[in-house]
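Note that this is a predicted model, so its numbers are computed, not measured.
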Amino acid sequence: MSDSEQDWLALRPQEPSPSQCCGSGCQPCIYDVYEKELAQWERAKAMQDKSLLMGKKEQSSNSELNPDTFTAFSVSSVEQLTEDTYQYKFELPGKSSLRLSLGQHIVLRGVVNGLEVQRAYTPISPRNAEGYFEVLIKESSLEKLPQSYQENTYTGHLNEDLMKTIVNSCRRKPFVLICGSSAFNEDMSRYLKSAGIEEDSCFVF
C-alpha cells in the first residue's frame, strides 16, 4: 500500500460502534453523521483533494452548535456529587451560549477506556448561561445490574435483527411503547411489524 493510500485511510471517518448510539431517535443520529462524513471523504478521495475535508475540521472549532458535526469544548471543572454521579462544566468561547430550547439535548462524544462512546444529555445550567454549560454524568455499566437484568438487557444500534431477537426472547406477546422522532417511530414500527408485533400492540407517542 502506498504512502498516499495510507494517508487517505488515516483520514477516513471511523464507523460508530453499536454502543455509541443512544437509541433516542436523534436527528441526526450518529450513523447519519458518519454516512455524511464518509460520503464527503469518498468525494475528496476520488478527486484527490484533501482540502474538501477542511470545511468539516474548521467548523468543529465554531462556538455555535451544529447538528451535522461535533464541536470541541474544554472541560473547566468536574465535581463529584455522589458515588457515581459527576457534574461537568464545559467552557464556551467568550460569552457564547448553547441557545437550546426547553426539552432539547446535546450529544457528547469521548473516549472511555480506549472506546469511543456517545451519549445524549440535557444541560442543567441556566438556559441563558454565557461562556459555559454544565451536564450531569452518571457512571453506569451492564456489570453493575443484577444478573436477572443483565440476561434480559440488550445493547446496540436498533435494527430489524436486534428487534426480532428482543421480541423472540419475550415469554408472552409484548405491548410496545414507541417515543422518538417521526423517522425513529417509522423505523421502529417497521421493525416491530417484521418481528411479528401487530399494529394494535404498538403505541406511538
Side-chain angles (χ1 to χ4, degrees), residues 14-34 60-61 63-67 69-159 162-163 165-167 169-171 174-181 184-185 188 203 205:
Q14 184 176 358
E15 182 175 3
S17 64
S19 63
Q20 290 177 251
C21 179
C22 66
S24 301
C26 300
Q27 290 289 342
C29 172
I30 182 175
Y31 287 94
D32 297 327
V33 175
Y34 166 70
S60 65
S61 62
S63 63
E64 295 187 9
L65 297 179
N66 186 311
T69 188
F70 283 93
T71 303
F73 297 115
S74 298
V75 177
S76 59
S77 66
V78 179
E79 180 182 357
Q80 184 171 0
L81 303 181
T82 67
E83 180 182 355
D84 57 2
T85 304
Y86 299 81
Q87 180 173 315
Y88 280 73
K89 185 175 184 178
F90 292 84
E91 292 182 356
L92 291 173
K95 293 186 176 181
S96 59
S97 174
L98 291 182
R99 303 175 186 174
L100 295 179
S101 301
L102 292 176
Q104 288 187 306
H105 65 264
I106 59 176
V107 177
L108 300 182
R109 180 172 67 178
V111 177
V112 179
N113 297 327
L115 175 67
E116 187 177 276
V117 296
Q118 175 176 303
R119 295 289 184 272
Y121 295 95
T122 298
I124 62 170
S125 46
R127 184 168 178 264
N128 59 351
E130 296 181 344
Y132 76 96
F133 68 93
E134 296 172 317
V135 296
L136 286 180
I137 298 180
K138 181 179 175 65
E139 289 183 349
S140 62
S141 66
L142 188 60
E143 290 74 19
K144 291 184 178 180
L145 294 175
Q147 187 63 34
S148 59
Y149 283 90
Q150 293 185 35
E151 295 172 350
N152 296 285
T153 300
Y154 296 86
T155 60
H157 182 59
L158 289 174
N159 54 38
L162 179 57
M163 193 53 56
T165 299
I166 295 174
V167 170
S169 69
C170 297
R171 289 180 291 180
F175 288 94
V176 183
L177 301 180
I178 306 174
C179 183
S181 65
F184 175 81
N185 292 347
M188 288 300 300
F203 302 87
F205 293 87

So, for [X] and [Y], which heavy atoms are closest and what is the spacing to 0.1 Å?
X: Pro123; Y: Val135; result: CA-CG1, 3.9 Å
X: Phe133; Y: Ser125; result: CA-OG, 3.4 Å
X: His105; Y: Tyr121; result: CB-O, 3.2 Å
X: Leu136; Y: Leu81; result: CD2-CD1, 3.3 Å

Exercise for the section: Look at the side chain of Ser74 and the backbone N and O of Glu91, then say whether any donor-acceptor pair between them is shorter than 3.5 Å. Expected result: no
From [X] atom [atom1] to [Y] atom [atom2], the distance as rounded to the nearest 0.5 Å:
X: Tyr88; Y: Glu134; atom1: OH; atom2: CD; result: 13.0 Å
X: Leu108; Y: Phe73; atom1: CG; atom2: CZ; result: 9.5 Å
X: Gln87; Y: Ser77; atom1: CD; atom2: OG; result: 7.5 Å
X: Tyr31; Y: Asn159; atom1: OH; atom2: CG; result: 8.5 Å
X: Ile137; Y: Tyr86; atom1: CD1; atom2: OH; result: 11.0 Å
X: Met188; Y: Leu177; atom1: CE; atom2: CG; result: 11.0 Å

Problem - Side-chain heavy-atom pair Val107, Arg119 within 4.5 angstrom cut-off - result: no
Practice task
Determine whether Tyr132 and Pro126 make a side-chain contact, defined as any pair of heavy atoms from C-beta on separated by less than 4.5 Å.
Solution key: yes
Practice task
Check the angle between the aromatic planes of Phe203 and Phe175 and answer parallel, tilted or perpendicular using the 30° and 60° thresholds.
Solution key: tilted
Problem - Crowding at CD, Gln80 (>12 non-hydrogen neighbours, <6.0 Å) - result: yes
Problem - Partners passing side-chain contact (heavy atoms from CB on, under 4.5 Å) against Thr82 (at least two apart in sequence or in another chain) - result: Asp84, Thr85
